[in-house]
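Inspection log for the structure reproduced underneath, given as structure tokens.
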There are 2 protein chains.
Amino acid sequence: MTNKQPLSTAQSIATHLEQMILDGSLAPERKIPSERQLASRLGVSRAIVREALHELHGRGMIETVHGKGSFVAGIVPTVDESTPLMQLYTGHSRTLYDLFEVREQLEGQAAALAAERATEQDQYRIRKAFEAMEAADPLTNADLDHAFHRSIAEASHNPVLLHVLSSLKNLMLDSVQAAVLNLAHRQAFKQQIDRHHRQIYHAVISRQARWAKKAAMAHVRHVSESLRQIEEQEKRLIRAALEPQPAANG
Amino acid sequence: MTNKQPLSTAQSIATHLEQMILDGSLAPERKIPSERQLASRLGVSRAIVREALHELHGRGMIETVHGKGSFVAGIVPTVDESTPLMQLYTGHSRTLYDLFEVREQLEGQAAALAAERATEQDQYRIRKAFEAMEAADPLTNADLDHAFHRSIAEASHNPVLLHVLSSLKNLMLDSVQAAVLNLAHRQAFKQQIDRHHRQIYHAVISRQARWAKKAAMAHVRHVSESLRQIEEQEKRLIRAALEPQPAANG
DNA sequence: GACAAAAAACTGGTCCGACCAGTGGTGAAT
DNA sequence: ATTCACCACTGGTCGGACCAGTTTTTTGTC
């Protein structure tokens, strides 16, 4: 009908990147490789890459910041500091639990969908993330935990779900780290978490959607409740984690 | 604190051209000056012009043909709101259903929480929204439908959930309108939707969380599946909804 | 060692000039 | 008048250069 002519290089690159974003290969966080990197990797000039990126920008799929890079646009308006929501839970930790409440639902859905839809490649990625997490120190665990959950979210093959979950994670990034760090200190909690992870992992791999969903939801709920429990013990848990290390060594 | 960065040259040129196109300064024929012309006229390099044009192409406002030039895209003035994921499903309608997939979950949760947590004031608001919706014409129904669902989401007293749902709704605003409009035309669908609304309403008001959740989820799923069904009948459903009132009076 | 200042090494933004590849008009050869 | 080579358009691609922000590393000082 219209144009069957070979797409211009920029077009196909844009389409390619778009596909990667939709697939989740490019997570909604800070990830898109630098222009020079893309250029050399794809064997084209930087100008072409820039044109492709502008194309995507026009579609509202990415944002670009001078000096920093290009990022996959978040669905939920990426809250930086000034966002009302941010202050909300910074001051009122209750919102943190609202966050968990929503996350519980979505992680459950993600796990269920992952169990149903994961390709072999997805399963491989999930396994890798899981094994890396198991073999890690409790201290460096935070990122790996994140990676594990994301690998599952990616396997859901629902870009919307992936983006929303990513946004939520961003939203609670600081506090989650505080949580994991603090939970990891307590052997009992950590073991429970590991058990949950194992359950999720096996459920997804063995394609048992219901089980996966339940396990994932239980996991999030457990983390949330553990956190709440701890918070009552040490009220200043989150505040401490958010404050700029007072550099008090003595 | 947000992004007040002076728009890049390419950005402002793109915006400028967009404005001209919308104003009609550039009619939909063989319009847009050549890249070299624009470059010299605007006092920028051709690369910048090309980036701007790609931006517009990404928004679907222009088409470019090798050897001929760039042209204002057909009769379909692009949607002004360039929301992040908006374009996403414009091209890939699959994403629309991903959106519904997530929404199903969250609307269910919202309804359940609303049933549990709604204050008297919430219930009052919900009732008002519901009654307004019932007494309305099928045509003006879209906004009222929106309002009804939001009143429930608000009653969940989970700001995060509200926030996310709001974002998702924004993303599918046009298509939802298309959906409602198209579903409303068909008595069978409309009655089913009304029934769902009634169920949700009563479940929430009578504080039956499980029921509310089920009804809400069924509702979203029904809308999604109805839409899918219709889409197969009339492939151009969404496109039509996105097109500017053809101003066809005769 | 701790810490702040300077430097280097990123990132994107812009420009230039060149050349390739389609398109269309003009004029010469037929 | 038709045909065809040519040339002046158009967009497509390239490479290198430089500017301007950001982040990391190094360095110099206490």
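So you know, we letter chains A, B, ... as the sequences are listed, proteins then strands, and number each from 1. None of the values given here were measured: they were computed from a predicted structure.
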- Query: Who pairs with B/Gln11 by side chain to side chain contact (heavy atoms under 4.5 Å, CB included), at least two apart in sequence or on another chain?
  - Reply: A/His54, A/His57, B/Leu7, B/Ser8, B/Glu55
Sequence-distant partners of [X], salt bridge (charged side-chain N to carboxylate O under 4.0 Å, His left out), two or more places apart:
{"X": "B/Glu101", "result": "A/Arg117"}
{"X": "A/Glu107", "result": "A/Arg103, A/Lys169"}
{"X": "A/Arg127", "result": "A/Glu131"}
{"X": "B/Glu51", "result": "A/Arg50"}

- Message: So, applying side chain to side chain donor-acceptor pair (under 3.5 Å) with A/Glu104, which one of A/Arg221, A/Gln109, A/His219 is it?
- Response: A/Arg221
- Query: Using a heavy-atom distance cut-off of less than 4.0 Å, which residues of residues 35-44 of chain A contact DNA chain C?
  - Reply: A/Glu35, A/Arg36, A/Gln37
- Query: Just to confirm, is there a sub-4.0 Å distance from OP1 or OP2 of D/dT13 to any side-chain nitrogen or oxygen of A/Ser45?
  - Reply: no
- Which residues satisfy the ring pair (Phe, Tyr, Trp, His ring centres under 6.0 Å) test with A/Phe148, sequence neighbours excluded? A/Phe130, A/His197
- Note on the structure: Terminal axes of the helix from C/dG1-D/dC30 to C/dT30-D/dA1 (5 end pairs apiece), angle rounded to 10 degrees, sit apart by 20°
Can you name the side-chain hydrogen bond (donor to acceptor under 3.5 Å, both in side chains) partners of [X], sequence neighbours left out?
{"X": "A/Arg46", "answer": "A/Glu35"}
{"X": "A/His196", "answer": "A/Gln192"}
{"X": "A/Arg36", "answer": "none"}

In whole angstrom, what separates [X]'s [atom1] from [N]'s [atom2]?
{"X": "A/Ile48", "N": "C/dA21", "atom1": "CD1", "atom2": "C1'", "value": "13 Å"}
{"X": "B/Glu51", "N": "C/dT14", "atom1": "CD", "atom2": "P", "value": "7 Å"}
{"X": "A/Gln11", "N": "D/dG11", "atom1": "CD", "atom2": "P", "value": "14 Å"}
{"X": "A/Glu63", "N": "C/dG13", "atom1": "CD", "atom2": "P", "value": "12 Å"}
{"X": "A/Phe71", "N": "C/dG12", "atom1": "CZ", "atom2": "P", "value": "8 Å"}

- Query: If you find the nucleotide of DNA chain D closest to A/Thr9 and the one closest to A/Arg46, which residue's nucleotide is nearer the 5' end?
  - Reply: A/Thr9
- Taking for A/Thr64 and for B/Ala47 the nucleotide of DNA chain C with the nearest heavy atom, the one nearer the 5' end belongs to A/Thr64
- Message: Using the side-chain heavy atoms of A/Arg50, tell me which of these nucleotides is nearest: D/dG11, C/dT11, C/dG13.
- Response: C/dG13
Strictly under 3.5 Å: I want the nitrogen or oxygen pairs between protein and nucleotides 22-26 of chain C, one per line.
residue : atom : partner : partner atom : Å
C/dG22  : N2   : B/Gly67 : O            : 3.4

- Start with the C-alpha distance between B/Asn158 and B/His163, add both sets of side-chain angles, then the distance that settles side-chain hydrogen bond (donor to acceptor under 3.5 Å, both in side chains), and finish with yes or no. CA-CA 9 Å; B/Asn158 182 327; B/His163 183 71; over 6 Å; no
